[in-house]
Amino acid sequence: MRISELSRRTGVRPHQLRYYESQGLLEPDRNLNGYREYGDSAVVTVNQIKNLLAAGLSSQDIAYLQPCASGEDPEFEYCGELVDALEARLSTLQSRIDGLVRSRDALQDYIDKAGVARKRRTTG
DNA sequence: CTTCTGACA
DNA sequence: TGTCAGGA
């Protein structure tokens, strides 16, 4: 299939597919006119890439882990190294969440105290 | 008409 | 990421 059909079947825009390719995530054949020619397996591959990007992995990580995640079912054929990468990502996300929660709590605390001080000024 | 490359914000 | 130019 050509790029527009792959785009239609994956919901990923053609220029994004070319970008994936520039990052080493896809390597389609070329037909005589220079158009990219994708096999059916590209649909699965692109869906895997979508999932991993959504999980916050870098395209470098994805390129490295691609042979690792090339099972038929993109949801369940992960190998150990991919699980490690996902867990590492989860860990850094949790750290950021913790930091944000602390900031939020501190800010809320500050607002509460400032609110009381303002009320004292305006009322008495 | 479809796709390609490269450039730009 | 999204858009445009200029060719094939």
Side-chain angles (χ1 to χ4, degrees):
Chain A
M1 79 191 80
R2 289 183 312 205
I3 198 168
S4 61
E5 186 179 349
L6 182 60
S7 175
R8 182 178 55 72
R9 287 219 251 165
T10 59
V12 177
R13 292 174 175 273
H15 71 274
Q16 295 178 299
L17 292 172
R18 298 189 193 102
Y19 177 73
Y20 290 174
E21 182 179 345
S22 74
Q23 300 302 297
L25 273 36
L26 290 173
E27 27 188 290
D29 293 334
R30 297 298 182 118
N31 55 31
L32 297 177
N33 50 29
Y35 289 5
R36 291 169 177 79
E37 190 65 38
Y38 299 91
D40 289 353
S41 63
V43 176
V44 175
T45 303
V46 170
N47 281 323
Q48 288 174 343
I49 293 170
K50 264 202 305 186
N51 292 155
L52 295 174
L53 286 176
L57 273 69
S58 69
S59 44
Q60 265 192 354
D61 287 341
I62 297 172
Y64 173 69
L65 293 167
Q66 224 175 14
C68 175
S70 58
E72 260 200 354
D73 189 335
E75 300 294 332
F76 301 112
E77 293 292 329
Y78 297 137
C79 74
E81 234 177 336
L82 180 51
V83 173
D84 289 347
L86 295 173
E87 287 180 343
R89 176 64 187 162
L90 184 62
S91 173
T92 65
L93 278 176
Q94 190 59 57
S95 294
R96 288 167 56 185
I97 289 169
D98 291 346
L100 288 170
V101 167
R102 280 188 226 101
S103 294
R104 183 201 60 191
D105 290 348
L107 181 57
Q108 185 65 62
D109 193 50
Y110 180 83
I111 289 171
D112 290 344
K113 289 174 181 172
V116 171
R118 177 167 53 84
K119 192 171 190 177
R120 273 202 290 267
R121 275 200 310 280
T122 54
T123 54

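Protein chains get the first letters and strands the later ones, always in sequence-line order, with residue 1 at the start of each.
Base pairing of dC1(B) is not made with any nucleotide, judged by Watson-Crick or G-U wobble geometry with both donor-acceptor distances under 3.5 Å.
The number of heavy atoms from other shown groups lying within 6.0 Å of CD (Gln60(A)) does not exceed 12.
In this structure, Glu5(A) places its CD atom 10 Å from P of dT3(B), rounding to the nearest Å. The nearest whole Å value for the distance from the CG atom in Leu32(A) to the P atom in dC4(B) is 14 Å. The OH atom of Tyr38(A) sits 17 Å away from the P atom of dT2(B) (whole-angstrom rounding).
With Thr10(A) contributing its side chain and Val46(A) its backbone, the two residues share no donor-acceptor pair below 3.5 Å. Listed for the Thr45(A) side chain is a donor-acceptor partner under 3.5 Å among the backbone atoms of Ser41(A). In this structure, the side chain of Asp109(A) does not engage the main chain of Asp105(A) through any donor-acceptor pair within 3.5 Å.
For His15(A), the side-chain atoms get nearest to dT3(C) when compared with the rest of dT3(C), dT5(B), dT3(B).
Between dT3(B) and Arg13(A), no contact under 4.0 Å exists linking OP1 or OP2 to a side-chain N or O. OP1 and OP2 of dT3(C) both lie 4.0 Å or more from every side-chain N or O belonging to Arg18(A).
For dT2(B), the base has a donor-acceptor partner in the side chain of Tyr35(A) [N/O atoms by modelled type, under 3.5 angstrom].
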